[in-house]
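For the single chain, residues carry numbers from 1 onward in sequence order. Small disclaimer: the values here were computed from a predicted structure and weren't measured.
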Amino acid sequence: MSVFVYFSFANVYSSVLFNPENFQKQYYNGIYRYRILSSAMLDSVYTLIQSLPVKNKVQTFLWDKSGDPVLYLSFAILNTFFTMLSAAVMVLITESKNFVASGSEKILLVVASLFAIIITQFVIVPYDCSSYFFLLLFFAVLLKYMEKETWSTLAVLILIMVVSSLNRESSALSISLAATLLFSKYGLHKKSILPVFWLALSFMAVYFGVRIYFGVFSTNDSNLLFRNFTLYRNLFGILFWVVFFTLSIIIAKDKTAVRNIFVFHLFAIPYILMCFYAGILYEARLYVPLFLTSLFLGRTAFQRIG
């Protein structure tokens, strides 16, 4: 699917960013400069391909003729790699003893998730697919933590939170996920409050740390709220949110799972508000991390304690 999307269609939406100079201007300025890990990974892949003898044989049909085929190939390799890792982690999640689904349902959930990731790749950025991987990896480790609460597993969750926060601020959704499952199982208890506290603290440390490092504390580049409710293409983006949210609700296993999906979205309100305020909702990718989490949350069950 990834090969079809990247090499069988000419990308129009993100075409101007496949020029190295434009890439530098875009991803090393504004709020994008804080996403250190993703830019560094793409630069590493680009440098590696440049050093190989095949660089002059790379051919792609770029919409913008000033684009660099090697840079485009770097995007494709990086994002396909993390999509593959995401698929592997999805399988691990479905094999958890607290995941309730038949064999065919497990396969369909993974396939639906992959289609959602791939079809939203008309917006090609260096951090989305890696952010999905870190979110899903957090989900998988969180399920292990809830089976047996150990400080070592919590330390792994904190480490994932730190790394994913260096990749993209949407890592905060992992806190929303943890809060949803922990409060669902334990209620207002120290077993739920303390892990969420440490995860939130690690996120805030990275969030403010990178801003102190760069000496800039901006949280967004512009206010797009009005455009998101007036431009037709952005209204299609909102429709995408509604349809995929409804899909996750329809296929949830029971009323408890539906409630957890709603609670997760409630905890995710800061992310949702920032998407509407500073994001371009036509870029349907903004809802994908919410959709992926909801899809697997709808099939995750723990016995209520407390």
Side-chain angles (χ1 to χ4, degrees), residues 86 89-101 105-106 109-110 112-113 116 131-165 169-204 244-245 247-272 287-306:
S86 297
V89 177
M90 288 181 213
V91 174
L92 293 178
I93 293 173
T94 62
E95 293 304 316
S96 168
K97 67 179 184 180
N98 294 300
F99 195 85
V100 183
E105 287 172 336
K106 292 177 181 180
L109 286 171
V110 174
S113 300
S131 71
Y132 304 149
F133 164 70
F134 289 124
L135 178 62
L136 292 164
L137 180 63
F138 184 93
F139 200 143
V141 178
L142 178 63
L143 294 180
K144 293 293 184 182
Y145 175 78
M146 295 186 67
E147 292 173 10
K148 184 178 181 181
E149 299 90 355
T150 63
W151 282 104
S152 59
T153 309
L154 180 58
V156 173
L157 289 172
I158 292 173
L159 178 61
I160 296 172
M161 174 60 63
V162 170
V163 175
S164 61
S165 297
E169 300 90 335
S170 61
S171 59
L173 292 175
S174 295
I175 305 174
S176 304
L177 169 63
T180 300
L181 286 180
L182 289 168
F183 286 129
S184 176
K185 183 177 181 180
Y186 298 113
L188 288 175
H189 189 274
K190 67 178 182 179
K191 286 188 174 182
S192 58
I193 296 174
L194 285 178
V196 172
F197 169 77
W198 288 115
L199 291 169
L201 185 64
S202 61
F203 171 79
M204 297 302 292
F244 275 68
F245 171 74
L247 175 61
S248 67
I249 294 297
I250 291 173
I251 64 178
K253 69 179 187 65
D254 55 27
K255 291 182 179 180
T256 301
V258 170
R259 183 195 64 190
N260 285 341
I261 293 172
F262 275 99
V263 171
F264 168 68
H265 280 75
L266 179 64
F267 283 129
I269 281 180
Y271 172 82
I272 294 172
Y287 189 72
V288 169
L290 292 167
F291 175 69
L292 295 177
T293 305
S294 298
L295 208 58
F296 291 97
L297 195 58
R299 290 284 168 171
T300 303
F302 286 94
Q303 183 179 358
R304 173 78 175 185
I305 299 174

Taking Thr94 for the side chain and Val91 for the main chain, is one N or O donor matched with an acceptor at less than 3.5 Å?
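Checked: pair present.
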
Give a yes or no on whether the backbone of Lys106 and the side-chain of Arg299 come within a donor-acceptor separation of less than 3.5 Å.
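No, because the side chain of Arg299 does not come within donor-acceptor range (under 3.5 Å) of the backbone of Lys106.
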
4.5 Å side-chain heavy-atom contact, [X] and [Y]:
{"X": "Leu109", "Y": "Ile93", "value": "no"}
{"X": "Ile272", "Y": "Tyr287", "value": "no"}
{"X": "Leu157", "Y": "Pro195", "value": "no"}
{"X": "Leu181", "Y": "Leu297", "value": "yes"}

Nearest heavy atoms of [X] and [Y], plus distance in Å:
{"X": "Ser192", "Y": "Gly187", "answer": "OG-O, 2.6 Å"}
{"X": "Glu169", "Y": "Phe203", "answer": "O-CE1, 3.6 Å"}
{"X": "Asp254", "Y": "Ala257", "answer": "OD1-N, 2.8 Å"}
{"X": "Val196", "Y": "Ala179", "answer": "CG2-CA, 3.8 Å"}
{"X": "Lys253", "Y": "Val100", "answer": "CD-CB, 3.9 Å"}
{"X": "Phe133", "Y": "Val89", "answer": "CE1-CG2, 3.7 Å"}

Would you mind writing out the side-chain donor-acceptor pairs for residues 140-148 within the sub-3.5 Å range, not counting sequence neighbours?
none

Say you draw a straight line from [atom1] of [X] to [atom2] of [Y]; how long is it, rounded to the nearest 0.5 Å?
{"X": "Ile160", "Y": "Leu136", "atom1": "CD1", "atom2": "CG", "value": "11.0 Å"}
{"X": "His265", "Y": "Ile261", "atom1": "NE2", "atom2": "CD1", "value": "8.0 Å"}
{"X": "Leu290", "Y": "Phe245", "atom1": "CG", "atom2": "CZ", "value": "10.0 Å"}
{"X": "Arg259", "Y": "Ile249", "atom1": "CZ", "atom2": "CD1", "value": "12.5 Å"}

Verify the ring-centre separation between Phe291 and Phe244: is it less than 6.0 angstrom?
yes

Does the ring center of His189 lie less than 6.0 Å from the ring center of Phe183?
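No; Phe183 has its ring centre 6.0 Å or more from that of His189.
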
Side-chain donor-acceptor contacts of residues 170-177 below 3.5 Å, not counting sequence neighbours, with atom names and distances?
{"from": "Ser171", "atom 1": "OG", "to": "Ser165", "atom 2": "OG", "distance (Å)": "2.8"}
{"from": "Ser171", "atom 1": "OG", "to": "Arg168", "atom 2": "O", "distance (Å)": "3.3"}
{"from": "Ser174", "atom 1": "OG", "to": "Ser171", "atom 2": "O", "distance (Å)": "3.4"}
{"from": "Ser176", "atom 1": "OG", "to": "Phe267", "atom 2": "O", "distance (Å)": "3.1"}

Set of residues satisfying side-chain contact (heavy atoms from CB on, under 4.5 Å) with respect to [X], sequence neighbours excluded:
{"X": "Leu201", "result": "Phe197, Trp198"}
{"X": "Ser113", "result": "Met90, Leu292, Leu295, Phe296"}
{"X": "Ile269", "result": "Leu266, Leu273"}

Pairs where residues 151-160 contributes a residue and the test side-chain hydrogen bond (donor to acceptor under 3.5 Å, both in side chains) is met, not counting sequence neighbours
Thr150-Ser152, Thr150-Thr153

